[in-house]
There are 2 protein chains.
Amino acid sequence: MRLTTKGRYAVTAMLDLALHADRGPISLADISKRQGISLSYLEQLFSRLRQSGLVSSVRGPGGGYRLARTGDDIYVAQIVDAVNESVDATSCGGNSDCAGGEQCLTHYLWCDLSEQIHGFLSGISLAHLVARAEVQEVARRQDMREAAPEEKVAVIGSLQ
Amino acid sequence: MRLTTKGRYAVTAMLDLALHADRGPISLADISKRQGISLSYLEQLFSRLRQSGLVSSVRGPGGGYRLARTGDDIYVAQIVDAVNESVDATSCGGNSDCAGGEQCLTHYLWCDLSEQIHGFLSGISLAHLVARAEVQEVARRQDMREAAPEEKVAVIGSLQ
DNA sequence: GAATAACCAACTATCTCAGTCAAGTATATA
DNA sequence: TATATACTTGACTGAGATAGTTGGTTATTC
């Protein structure tokens, strides 16, 4: 089972897209600035997200990425699946050949857990996240900081 | 969040202990043979399991490890916690300083997920696993294979 | 005192993540 | 058409963790 910064970054970036959907295509440079994720790393992630049909791209000046579907039709599990290989908790990938061609003792336990996690993440759409008050709060703060570059410097300075 | 072979090995080994609790202390060499886990690696894992008070050890010939409590008082979550640092899915460890001193957009999502996983694994005890028909089936096969034909008589004799 | 098995501490090999760098290619606008 | 913008691709790197190895030392039993 794999659930690391990679999947977190992907979900965060997708949520950023959903929050700014009304602005037209969003460049990765914008997301990079707002969310503090390396631009080149975002490029790698979005390559996979595009291959999975979760986003579509617009090239040229003013271009960027947008969600391929509406936010209520994109689920967190799909995003994590797109950048990681899977959210499978078993070592055998469900093939039951964990221990020398046979099932290991705890095979069914990890199968159940995988189902549990996948079920949870499959029930949460981007629209759900966008609707959450805490998310809107954080997003407002980020947009604020983006709009006023001088204040951003001041904020960073005050953190040190 | 971290859930890898390390945690799987630990749970498998603990379940092996629970299954053979009636034989007295179980040596790591036995577990290594039955479950196909490196002996030296098991030593590392059991060092942590012992520090966490999940198992007790008996040194010398005929020695080994046994569960420190009964199987219905040891939960999978405790085992995973003992060998990994945590089953926390957030990057900040709940400190809300994920994105430059502030909460990242998806902070609450990962908090919820952590709670979900921990809740699931906290509800499953070793006794639950031992009771499962599939587990007993696999365990029976492993015990059969463990004893070479000549040794089977001795094993059966030692059980009486 | 020999055999057994827990305990301990380095050490290594491999893998993945996270990020960088340096090329490209496509396209809208001037 | 020229050019700036922005996406695309692939190779590369460092850090850190996993998984496993080696070589011991203690403690206990026969």
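Heavy-atom basis, side chains included; hydrogens, waters and symmetry copies ignored. Predicted model only: the values in this text are computed from it and were never measured.
- The residue B:Tyr9 sits close only to the backbone: its heavy atoms come under 4.0 Å of sugar-phosphate atoms, none of a base.
- Of the candidate nucleotides C:dA18, C:dT4, D:dT21, D:dT21 has the atom nearest to the side chain of B:Ser38.
- Going from atom CG of B:Leu54 over to atom CD of B:Gln78 covers 6.0 Å, rounded to the nearest 0.5 Å.
- Side-chain N/O atoms of B:Ser40 include none lying less than 4.0 angstrom from OP1 or OP2 on D:dA19.
- Residue A:Arg50 places at least one side-chain N or O closer than 4.0 Å to OP1 or OP2 of D:dT8.
- Using a 4.0 Å heavy-atom distance criterion, A:Ser57 is classed as a sugar-phosphate-only contact.
- Nucleotide D:dG20 holds its C1' atom 12 Å from the NZ atom of B:Lys6, rounded to whole Å.
- Across all strands, B:Ser27 comes closer than 4.0 Å only to sugar-phosphate atoms, never to a base (heavy-atom distances).
- Hydrophobic clustering (ILVMFWY, side-chain heavy atoms < 4.5 Å, transitive): B:Tyr75 and B:Phe120 are in distinct clusters.
- Using a 30° and 60° split on the angle between ring planes, B:Tyr9 and B:Tyr41 fall in the perpendicular class, above 60°.
- Residues B:Val135 and B:Leu67 fall within the same hydrophobic cluster, defined by Ile, Leu, Val, Met, Phe, Trp and Tyr side chains chained together at heavy-atom separations under 4.5 Å.
- Taking only side-chain atoms of B:Glu43, from C-beta outward, the nucleotide of C:dC8, C:dA28, C:dG19 with the closest atom is C:dC8.
- Protein atom CZ of B:Arg8 is 12 Å distant from nucleotide atom P of D:dT18, rounded to whole Å.
- Which of D:dT21, C:dT20, D:dC7 sits closest to the side chain of B:Gln44 comes down to D:dT21.
- Between the C1' atom of C:dG24 and the CZ atom of A:Arg59 lies a distance of 10 Å, rounded to the nearest Å.
- Protein atom OH of B:Tyr41 is 18 Å distant from nucleotide atom P of C:dT12, rounded to whole Å.
- Residue whose closest nucleotide on DNA chain D sits further toward the 5' end, between A:Ala29 and B:Gly60: A:Ala29.
- B:Leu28 comes within 4.0 angstrom of the backbone, heavy atoms only, and of no base.
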